[in-house]
Student: 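Would you mind keeping the following structure in view while I ask a few things?
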2 protein chains.
Amino acid sequence: MARPPRFDTDQILDAAVRLAASGGPGGVSMSAVAQAIGAPSGSMYHRFAGRTALLAEVWLRTVERFQRGYFASLHSDPDPRPAARAAARHVVAWSRAHPEEAALLLHGPWEFGRADWSEEHTARADSGNQRVYTALGALAESLGATGPQDRDRITLALVDLPLSVVRRHLRAGEPLPPHAEDLAEECAAALLPTAP
Amino acid sequence: MARPPRFDTDQILDAAVRLAASGGPGGVSMSAVAQAIGAPSGSMYHRFAGRTALLAEVWLRTVERFQRGYFASLHSDPDPRPAARAAARHVVAWSRAHPEEAALLLHGPWEFGRADWSEEHTARADSGNQRVYTALGALAESLGATGPQDRDRITLALVDLPLSVVRRHLRAGEPLPPHAEDLAEECAAALLPTAP
DNA sequence: AGATTATTAGAGACCTATCTCTAATAATCT
DNA sequence: AGATTATTAGAGATAGGTCTCTAATAATCT
């Protein structure tokens, strides 16, 4: 019914990921992405309402890809303690497998203009986060951690701490050292509430 | 011998801190800072070689202020374990006392254009970092942690982890909860190598 | 008082990025 | 084949930011 696209959405987002990994969110300009794939700048605006929308889409595609595997790890074992270890490990392993997307995630949604996102984009982000927090809450409960401080501690162990391991190296432009997964797993385990 | 300055350097840097805290490094434009203090844009270039230099100076002043207290905490006790606890605690306490500067630090030097800094600025940054790492190395040694993995773990416990506690709240625009210092201290202690 | 000099003051050149607009193009559908 | 339509293609208007340049200003020094 119409002319077929020469540049599809994923191709554009892939280029945006590369640019974000090397130059940060600021490096993702409409013209830079267009140039990276050899498209005229006008085509960009045919797919994305504007730069804000592009930033939102590239962020959301990346975080959703990450969360898919993160969820799988969290539910990989009926016993909460091995599941927690697997989750911490997954953060590092996924980052090793997808260094550019990981570098993007380390910047956080606010750097990708979250304050200006449309309602749809904001809702997508909130829904993903909500799923993560309820899953973490369930795991916390099955560990016997009930207070809000306990939950903070578990979020720290299974999300923030593994991300810190990744951040330190990726920000310096180095690859992740071989023992990074072990480090994240061991440290996460050390932060879980001790068995009664 | 000359006309006295109406806008001094610290006043300019203070405004830059405020702008960086609210709008990130991208919000720190020469014109925005000038407007914030009511100065013409030309005066900015009289004090700073350019935007790059301004970003470097505001970053370095902030990180050096932070490190001063961090060092004091690291050396506050001859026993390494309480010293480690104090250091982790200090990160959070300092951030609570200086939320705008803390928000600035969370972005990291690369966001402040570190790649384009002058040699002087780069050297200043390196020297500060070097001092921190040697101090952490000494503490690691007195804890009996000798391997490179042990040192990574201590850096994680005394730097990255407390920063994660701060990041989670400041990025969301919330103030730090009352128990944040305790959380950072307890988690840091849990990550230290267990006594032989 | 007069010379000296660091600084303020602000206009404007230059660049880069976002976004709009019009025309050409290439596929599908009848 | 001809109509339809999503898309490419790219020129250009607009905005905002960096940086330069010249003149005015206000203090100190002799």
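Please read these numbers as outputs of a predicted model, since none were measured by experiment.
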Student: According to side-chain contact (heavy atoms from CB on, under 4.5 Å), who are the partners of A:Asp116, at least two apart in sequence or on a separate chain?
Tutor: A:Thr52
Student: Check the distance between C:dA17's C1' and A:Phe48's CZ and give it to me in whole angstrom.
Tutor: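 From A:Phe48 CZ to C:dA17 C1': 17 Å.
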Student: Sequence neighbours left out, what passes side-chain contact (heavy atoms from CB on, under 4.5 Å) with A:Thr122? Give chain and number order.
Tutor: A:Arg114, A:Trp117, A:Asp126
Student: Please list every donor-acceptor pair under 3.5 Å in which a side-chain atom of residues 102-111 of chain B meets a protein atom from a residue at least two apart or in another chain.
Tutor:
from, atom 1, to, atom 2, distance (Å)
B:His107, ND1, B:Ala103, O, 3.2
B:His107, NE2, A:Glu111, OE2, 3.2
B:Glu111, OE2, A:His107, NE2, 3.2

Student: Counting only side-chain N and O atoms of B:Ser43, is one of them less than 4.0 Å from OP1 or OP2 of C:dT8?
Tutor: yes
Student: Please determine if a side-chain N or O atom of A:Arg6 lies less than 4.0 Å away from the OP1 or OP2 oxygen of D:dA9.
Tutor: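 Checking D:dA9 against A:Arg6, a side-chain N or O does come within under 4.0 Å of OP1 or OP2.
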Student: Would you give a per-nucleotide map of nucleotides 11-24 of chain D, 5' to 3', where B means the base has a protein non-hydrogen atom under 4.0 Å away, S means only the sugar-phosphate does, and - means neither?
Tutor: B-----SBBB----
Student: Does this structure show an ion pair linking A:Arg89 with A:Glu181, if we count only N-O contacts that are shorter than 4.0 Å?
Tutor: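 No, no charged N to carboxylate O under 4.0 Å.
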Student: Which donor-acceptor pairs under 3.5 Å do side chains of residues 133-151 of chain B form with protein atoms, sequence neighbours excluded?
Tutor:
from, atom 1, to, atom 2, distance (Å)
B:Tyr133, OH, A:Arg168, NH1, 2.9
B:Thr134, OG1, B:Gln130, O, 3.2
B:Thr134, OG1, B:Arg131, O, 3.0
B:Ser142, OG, B:Leu139, O, 3.0
B:Asp150, OD2, B:Gly147, N, 3.3

Student: Side-chain polar contacts of residues 10-26 of chain A - donor-acceptor pairs under 3.5 angstrom, sequence neighbours left out - could you list them?
Tutor:
from, atom 1, to, atom 2, distance (Å)
A:Asp10, OD1, A:Arg61, NH1, 2.8
A:Gln11, OE1, A:Asp8, N, 3.4
A:Asp14, OD1, A:Arg61, NH1, 3.2
A:Asp14, OD1, A:Arg61, NH2, 2.7
A:Ser22, OG, A:Arg18, O, 3.3
A:Ser22, OG, A:Leu19, O, 3.3

Student: With sequence neighbours left out, write down each residue that passes side-chain contact (heavy atoms from CB on, under 4.5 Å) with B:Glu174, or none if nothing qualifies.
Tutor: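 With sequence neighbours excluded, B:Glu174 shows a side-chain contact (heavy atoms from CB on, under 4.5 Å) to B:His169, B:Ala172, given in chain and number order.
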Student: Measure from the side chain of B:Pro40, starting at C-beta and using heavy atoms only, and say which of D:dT8, C:dT8, D:dA26 lies closest.
Tutor: C:dT8
Student: Please report the distance, rounded to the nearest Å, between NE2 in A:His46 and C1' in C:dT20.
Tutor: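 From A:His46 NE2 to C:dT20 C1': 13 Å.
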Student: Please identify each residue that fulfils side-chain contact (heavy atoms from CB on, under 4.5 Å) with B:Glu186, with sequence neighbours left out.
Tutor: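 side-chain contact (heavy atoms from CB on, under 4.5 Å) list for B:Glu186, sorted by chain: A:Arg153, B:Asp182.
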Student: Round to the nearest Å and state the distance from A:Phe7 atom CZ to C:dT25 atom P.
Tutor: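 The distance from CZ of A:Phe7 to P of C:dT25 comes to 16 Å, rounded to the nearest Å.
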Student: Considering residues at least two apart in sequence or located in another chain, which fulfil the salt bridge (Lys or Arg N to Asp or Glu O under 4.0 Å) criterion with A:Glu120?
Tutor: none
Student: Can you give the donor-acceptor pairs under 3.5 Å from side chains of residues 38-47 of chain B to other protein atoms, not counting sequence neighbours?
Tutor:
from, atom 1, to, atom 2, distance (Å)
B:Arg47, NE, B:Phe7, O, 3.3
B:Arg47, NH2, B:Phe7, O, 2.9

Student: CZ of B:Arg65 to CH2 of B:Trp94: how many Å apart, nearest 0.5 Å?
Tutor: 8.5 Å
Student: What residues from residues 8-26 of chain B pass a heavy-atom cutoff of under 4.0 Å to DNA chain D?
Tutor: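 Heavy-atom cutoff 4.0 Å gives no residues at all.
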Student: Any chance you could encode DNA chain D as dot-bracket? Rule is Watson-Crick or G-U wobble with both distances under 3.5 Å; [ ] for pairs crossing earlier ones, | for another strand.
Tutor: ||||||||||||||||||||||||||||||
Student: Output the rounded distance in Å from CD1 (A:Ile37) to P (D:dT7).
Tutor: 14 Å
